[in-house]
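Hydrogens, waters and symmetry mates play no part in the numbers below; they use all other heavy atoms, side chains included.
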Amino acid sequence: MKKTTQNLKFEESLVTTARGGSSDALAELACLHSPQIYRVSLTILRNHADAEDNVQDVFCKAHKNIHRFEGRSRFSSWLVRIAVNEALMKIRSRRSERMAFRVDMPRPEGEYSPLLEIEDDRPGPERQYMTSELAARAFHGLRPLLRQMFTLHAGITVSTAKSRIFRARAQMQQRLNAHC
């Protein structure tokens with residue numbers, strides 16, 4: 001939805017009314033922004049049911065904290081930030097950063113050490129999300145001919161395909177390195 005000056009003023013009045021305690025105004029804001037919050041949630045969580053749950057969590061959190069919205073950014077930006085944070089919290093709660101196993105490890109004197117910690121070296125949810133976003137931006141920054149190599153596999157010789165894949169990878173690597 002393209003934001004016009006009239007739409008922005010309407011949204012600002014809804015935010016002001018919602019901050020004053022109007023549930024109807026907050027419901028209207030939820031209707032306006034649910035599709036965007038759902039898309040963001042689905043991008044991160046990669047599951048429709050989890051994304052729908054996240055949308056509900058976002059608007060519950062927004063309802064509780066509407067008084068904390070300072071208006072220095074757009075309301076949609078505030079909601080997106082909540083959506084990203086809530087989605088990442090969901091991912092974090094699904095898998096722990098560390099795994100601890102109880103094992104009986106004999107010590108030299110015959111005593112036993114009850115705990116062995118094995119650190120999970122996989123990238124965390126924030127890192128995975130940022131990596132996927134950077135890769136998507138790098139991909140969309142490629143020339144159309146090189147992007148086509150990643151999606152189409154017909155009509156060219158093997159050597160042309162190899163050459164284009166090589167150039168696409170090199171350009172994507174340059175773009176990713178520029179962001180790191």
Side-chain angles (χ1 to χ4, degrees), residues 1-5 7-8 11-12 15 29-62 65 68-99 118-180:
M1 173 177 169
K2 187 176 177 183
K3 295 285 185 178
T4 63
T5 304
N7 288 345
L8 290 173
E11 182 177 290
E12 287 173 9
V15 170
L29 286 165
C31 288
L32 287 172
H33 296 288
S34 287
Q36 179 186 18
I37 300 306
Y38 176 78
R39 283 190 305 274
V40 168
S41 300
L42 185 60
T43 299
I44 297 169
L45 296 168
R46 301 186 189 285
N47 177 302
H48 292 286
D50 288 343
E52 289 170 359
D53 288 345
N54 201 54
V55 170
Q56 289 181 353
D57 293 344
V58 166
F59 286 108
C60 285
K61 195 161 219 171
N65 295 297
R68 297 174 80 190
F69 176 67
E70 298 173 355
R72 289 185 290 173
S73 63
R74 291 166 83 180
F75 187 71
S76 60
S77 300
W78 186 65
L79 288 175
V80 166
R81 185 73 255 161
I82 294 171
V84 168
N85 289 342
E86 288 294 305
L88 293 175
M89 291 294 287
K90 279 186 187 346
I91 292 171
R92 251 185 245 118
S93 69
R94 279 191 223 149
R95 64 173 180 228
S96 64
E97 296 291 336
R98 294 178 147 205
M99 295 171 58
I118 300 173
E119 190 165 324
D120 185 0
D121 63 349
R122 293 177 293 181
E126 291 95 348
R127 182 100 172 142
Q128 288 177 333
Y129 176 69
M130 288 171 46
T131 301
S132 67
E133 285 295 308
L134 287 174
R137 286 181 184 169
F139 177 77
H140 290 295
L142 294 174
R143 292 193 338 255
L145 188 61
L146 296 177
R147 269 192 311 224
Q148 186 179 24
M149 265 323 301
F150 279 89
T151 55
L152 299 177
H153 305 287
I156 58 174
T157 66
V158 172
S159 60
T160 302
K162 286 181 180 180
S163 171
R164 289 181 185 172
I165 288 172
F166 175 79
R167 283 185 295 180
R169 284 181 179 161
Q171 283 184 19
M172 284 186 70
Q173 187 66 44
Q174 286 175 342
R175 291 178 186 277
L176 289 171
N177 287 337
H179 289 293
C180 295

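- Evaluation of the side-chain hydrogen bond (donor to acceptor under 3.5 Å, both in side chains) rule for Arg68 yields no partner, not counting sequence neighbours.
- Listed by chain and number, the residues in a side chain to side chain contact (heavy atoms under 4.5 Å, CB included) with Phe69 are Val15, Ser73, Phe75, Trp78 (sequence neighbours excluded).
- A side-chain N or O of Asn177 and one of Gln173 form a donor-acceptor pair less than 3.5 Å apart.
- Taking CD1 of Ile82 as the start and CZ of Phe59 as the end, the distance is 9.0 Å to the nearest 0.5 Å.
- Interatomic distance, Gln36 CD to Ser77 OG, rounded to the nearest 0.5 Å: 7.5 Å.
- Counting all heavy atoms, side chain and backbone alike, Ala62 lies closest to Leu79 at CB-CD2, 3.7 Å.
- Among residues two or more places apart in sequence or in another chain, the side-chain hydrogen bond (donor to acceptor under 3.5 Å, both in side chains) test is passed with Gln171 by none.
- Arg81 meets the side-chain hydrogen bond (donor to acceptor under 3.5 Å, both in side chains) test with Asn85; sequence neighbours excluded.
- Taking the charged nitrogens against the carboxylate oxygens, Asp57 and Lys90 do have a contact shorter than 4.0 Å, which makes a salt bridge.
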For residues 133-144, please give each side-chain donor-acceptor pair under 3.5 Å, one per line with the distance, not counting sequence neighbours.
none

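- Residues Arg169 and Met172 form no side-chain contact, since every pair of their non-hydrogen atoms from C-beta on lies 4.5 Å or further apart.
- Ala83 is linked by a side chain to side chain contact (heavy atoms under 4.5 Å, CB included) to Ile37, Val40, Ser41, Asn54, Val58, counting only residues two or more places apart in sequence or in another chain.
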